[in-house]
Asks: 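I have a structure here, written as structure tokens, and I will follow up with some questions on it.
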Amino acid sequence: MSCWMPGCPALSMCRGLAALPIACLERAKDLKTRLSILLHKPELGHKTGSSSKLQLGSRRRDSSRDVLEWRESFDQLLKSKSGVNAFHTFLKTEFSEENLDFWLACEDFKKTRSKTKLASKANRIFEEFVQSEAPREVNIDHETREITRKNLSGATSACFNEAQAKTRTLMEKDSYPRFLKSASYQDMSRQAAGRGSSKRPHT
């Protein structure tokens, strides 16, 4: 747009722009580019958001089913990664998480294939959880402790079986029922049941 008349607004604007430093003009162009990119983002964001909402909804349904299954049996709880985490958090409030940690360490120990690693792992688990006055000593009887000690001389993947079974029984009979009655699990269970009922079709 050009204008030769004195006092023309367009002419004043052109003169004003010409007087601006080049750095300011470059900054203005940069801002214009950024604004155009931002103006196109909502559409992309909407598509991504809807996809993530579907995934989140699916995870919530799985999680709800999971939470309600924990009360079916102790085995069901131990099969669930989130169940083990929730149970571990509860055991911490009772200062007895070493029982679950020992059980998990034994499960991992059974997967060891190398004989050298098997022996070193066995000693480490025994020193941490089983021996008398261990830093995280589990509650097992003297006889089971001695049997486990003897098993270390020829460590196999089964050397902690008896001690692990005793600890598991203790958790199942003692800690697990208290976990199901705890305020934290009751709250999770109510939320899971609520989400489940809201998905049911109305008749």
Side-chain angles (χ1 to χ4, degrees), residues 58-197:
S58 174
R59 281 200 299 270
R60 277 180 178 167
R61 281 195 295 276
D62 292 342
S63 174
S64 300
R65 190 165 58 245
D66 223 20
V67 169
L68 296 174
E69 284 175 352
W70 299 346
R71 62 189 177 198
E72 289 177 13
S73 70
F74 190 48
D75 278 332
Q76 206 67 42
L77 174 72
L78 293 177
K79 283 177 189 174
S80 163
K81 188 177 179 181
S82 53
V84 168
N85 288 337
F87 187 50
H88 191 270
T89 301
F90 168 75
L91 290 177
K92 276 186 173 182
T93 67
E94 298 199 331
F95 305 100
S96 60
E97 70 271 18
E98 70 280 352
N99 292 321
L100 182 58
D101 287 334
F102 171 64
W103 187 87
L104 291 169
C106 291
E107 287 297 290
D108 178 65
F109 174 75
K110 288 174 187 175
K111 297 171 189 172
T112 308
R113 294 289 168 260
S114 162
K115 285 189 176 181
T116 310
K117 285 184 179 177
L118 205 66
S120 62
K121 272 189 178 182
N123 281 305
R124 194 160 62 244
I125 291 170
F126 184 83
E127 287 168 7
E128 186 176 357
F129 296 103
V130 182
Q131 73 179 6
S132 185
E133 304 299 323
R136 308 179 68 203
E137 187 180 348
V138 290
N139 188 9
I140 54 174
D141 58 88
H142 176 72
E143 188 182 350
T144 304
R145 205 183 306 280
E146 286 307 305
I147 288 169
T148 308
R149 187 194 300 279
K150 287 174 185 174
N151 288 345
L152 291 182
S153 57
T156 68
S157 58
C159 69
F160 289 107
N161 279 6
E162 192 162 345
Q164 186 188 17
K166 290 279 175 75
T167 307
R168 186 195 180 286
T169 301
L170 181 67
M171 288 191 291
E172 184 176 15
K173 302 294 182 191
D174 189 39
S175 306
Y176 173 61
R178 286 203 302 276
F179 166 70
L180 295 181
K181 291 174 185 174
S182 69
S184 58
Y185 178 71
Q186 290 295 321
D187 189 41
M188 283 189 285
S189 186
R190 274 193 297 272
Q191 288 179 24
R195 283 197 293 268
S197 62

Asks: Heavy atoms, side chains only, cut-off 4.5 Å: are D108 and K121 in contact?
Replies: yes
Asks: May I have the step-by-step check of side-chain contact (heavy atoms from CB on, under 4.5 Å) for D101 and H88, ending in yes or no?
Replies: CA-CA 8 Å; D101 287 334; H88 191 270; 2.9 Å; yes
Asks: So which of F109, W103, F102 actually passes ring-ring contact (aromatic ring centres under 6.0 Å, His included) with F129?
Replies: F102
Asks: Would K166 and R145 count as a side-chain contact (heavy atoms from CB on, under 4.5 Å) if you check the C-alpha gap in whole Å, the side-chain angles of each, and the deciding distance to 0.1 Å?
Replies: CA-CA 11 Å; K166 290 279 175 75; R145 205 183 306 280; over 6 Å; no
Asks: So for atom CD, which belongs to E72, do other residues, nucleotides or ligands contribute more than 12 heavy atoms lying within a distance under 6.0 Å?
Replies: yes
Asks: Please enumerate all residues that pass side chain to side chain contact (heavy atoms under 4.5 Å, CB included) together with S184, with sequence neighbours excluded.
Replies: S182
Asks: Just so I know, are the side chains of E69 and S80 near enough to count as touching, which here means a heavy-atom distance under 4.5 Å?
Replies: no
Asks: Would you call V130 and R149 a side-chain contact if the rule is heavy atoms closer than 4.5 Å?
Replies: no
Asks: So, do S82 and W70 sit near enough that their side-chain heavy atoms are less than 4.5 Å apart?
Replies: yes
Asks: Quick one: does T89's side chain get under 4.5 Å of T93's, heavy atoms only?
Replies: no
Asks: Can you say whether the rings of F87 and F179 are parallel (under 30°), tilted (30 to 60°) or perpendicular (over 60°)?
Replies: perpendicular
Asks: Does any part of the side chain of L170, heavy atoms only, come nearer than 4.5 Å to the side chain of S175, both counted from C-beta?
Replies: no
Asks: What I'd like to find out is whether the side chain of D174 reaches to under 4.5 Å of the side chain of R178, using heavy atoms alone.
Replies: yes
Asks: What I want to find out is whether R168 reaches D75 closely enough, with some N-O distance under 4.0 Å, to be called a salt bridge.
Replies: yes
Asks: Mind running salt bridge (charged side-chain N to carboxylate O under 4.0 Å, His left out) on E128 and R136 for me, showing each step along the way?
Replies: CA-CA 6 Å; E128 186 176 357; R136 308 179 68 203; 3.3 Å; yes
Asks: Taking distance alone, no hydrogens or angles, what donor-acceptor pairs closer than 3.5 Å link side-chain atoms of residues 152-159 to residues at least two apart or in another chain?
Replies:
residue	atom	partner	partner atom	Å
S153	OG	K150	O	2.7
T156	OG1	A158	N	3.2

Asks: Within a strict 4.5 Å, meaning less than it, do heavy atoms of the N161 and K110 side chains meet?
Replies: yes
